[in-house]
Amino acid sequence: VQLQASGGGSVQAGGSLRLSCAASGSTFSSYGMAWFRQAPGKEREFVATIEWNGGRTYYADSVKGRFTISRDNAKNMLDLQMSSLQPEDTAVYYCAAGGRYSNYPHEFHYWGQGTQVTVSS
């Protein structure tokens with residue numbers, strides 16, 4: 001499966017952005033999906049994950065209550081609605097597809113190219 005992330009941009013603290021990840025291929029609905037992010041000079045970190053059918057979601061503590069992950073299997077789309085953004089949310093955001101719903105990067109075999117999110121104070 002090929003993944004294409006979009007929707008990044010620059011926003012002031014307290015603002016909102018919606019990231020999208022378009023997937024190609026007919027097997028999207030069988031994959032657990034996730035968003036990770038990587039800030040300059042830092043390790044890639046988990047943001048949110050969603051089960052293949054959208055039945056379960058799991059979030060990093062740092063984004064819980066502010067971000068919402070969702071998917072539309074009919075459209076092969078994964079979204080991340082981000083609100084109450086803070087400067088510490090600044091990073092390149094990556095969507096990923098894997099065999100199961102997980103917060104571990106090594107569980108995900110396919111990665112999008114990343115989209116930059118910049119939050120200014």
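In what follows, residues are counted from 1 in the order of the sequence shown.
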side-chain contact (heavy atoms from CB on, under 4.5 Å) for Trp35 and Thr49? Distances and angles first, verdict last.
CA-CA 6 Å; Trp35 289 95; Thr49 187; over 6 Å; no
Less than 4.5 Å apart, side chain to side chain, heavy atoms only: is that true for [X] and [Y]?
X: Thr90; Y: Gln116; result: yes
X: Leu19; Y: Val117; result: yes
X: Arg100; Y: Glu107; result: yes

Over all heavy atoms of both residues, which pair between [X] and [Y] is shortest? Give the atoms and the distance, please.
X: Ala39; Y: Ala91; answer: N-CB, 3.8 Å
X: Ile69; Y: Met33; answer: CD1-O, 4.3 Å
X: Leu78; Y: Ala34; answer: CD2-O, 3.9 Å
X: Val47; Y: Val63; answer: O-CG2, 3.5 Å

Linking I/L/V/M/F/W/Y whenever their side-chain heavy atoms sit closer than 4.5 Å, directly or via other members, would Ile50 and Tyr110 fall into one cluster?
yes
List the residues meeting side-chain hydrogen bond (donor to acceptor under 3.5 Å, both in side chains) with [X], not counting sequence neighbours, and say none if there are none.
X: Glu51; result: Arg56
X: Lys64; result: Asp61
X: Ser84; result: none
X: Asn103; result: none

According to disulfide (SG to SG under 2.5 Å), does anything in residues 55-88 pair up with another residue at least two apart or in another chain? List the pairs.
none
Determine which pairs satisfy disulfide (SG to SG under 2.5 Å) with at least one residue from residues 40-94, sequence neighbours left out, and list them in order.
none
Pairwise salt bridge (charged side-chain N to carboxylate O under 4.0 Å, His left out) hits with a residue in residues 111-121, at least two apart:
none
Among residues two or more places apart or on two chains, list those pairs meeting salt bridge (charged side-chain N to carboxylate O under 4.0 Å, His left out) that have a residue in residues 89-99.
Arg37-Asp89, Arg66-Asp89
When Ile, Leu, Val, Met, Phe, Trp and Tyr are grouped by side-chain heavy atoms lying under 4.5 Å apart, directly or through other members, which residues fall in the same group as Met77?
none
Other than Tyr101, what residues sit in its cluster of Ile, Leu, Val, Met, Phe, Trp and Tyr side chains whose heavy atoms are under 4.5 Å apart, directly or through others?
Phe36, Phe46, Tyr58, Val92, Tyr94, Phe108, Trp111
Which value, rounded to the nearest 0.5 Å, describes the distance between Asp72 atom CG and Ser20 atom OG?
10.5 Å
Rounded to the nearest 0.5 Å, how far apart are CG of Asn76 and OG of Ser29?
7.5 Å
Tell me whether the rings of Tyr93 and Phe67 are parallel (<30°), tilted (30 to 60°) or perpendicular (>60°).
tilted
Side-chain polar contacts of residues 2-16 - donor-acceptor pairs under 3.5 angstrom, sequence neighbours left out - could you list them?
none

The side-chain contact (heavy atoms from CB on, under 4.5 Å) partners of Ser70 (sequence neighbours excluded) come to Arg18, Asp79
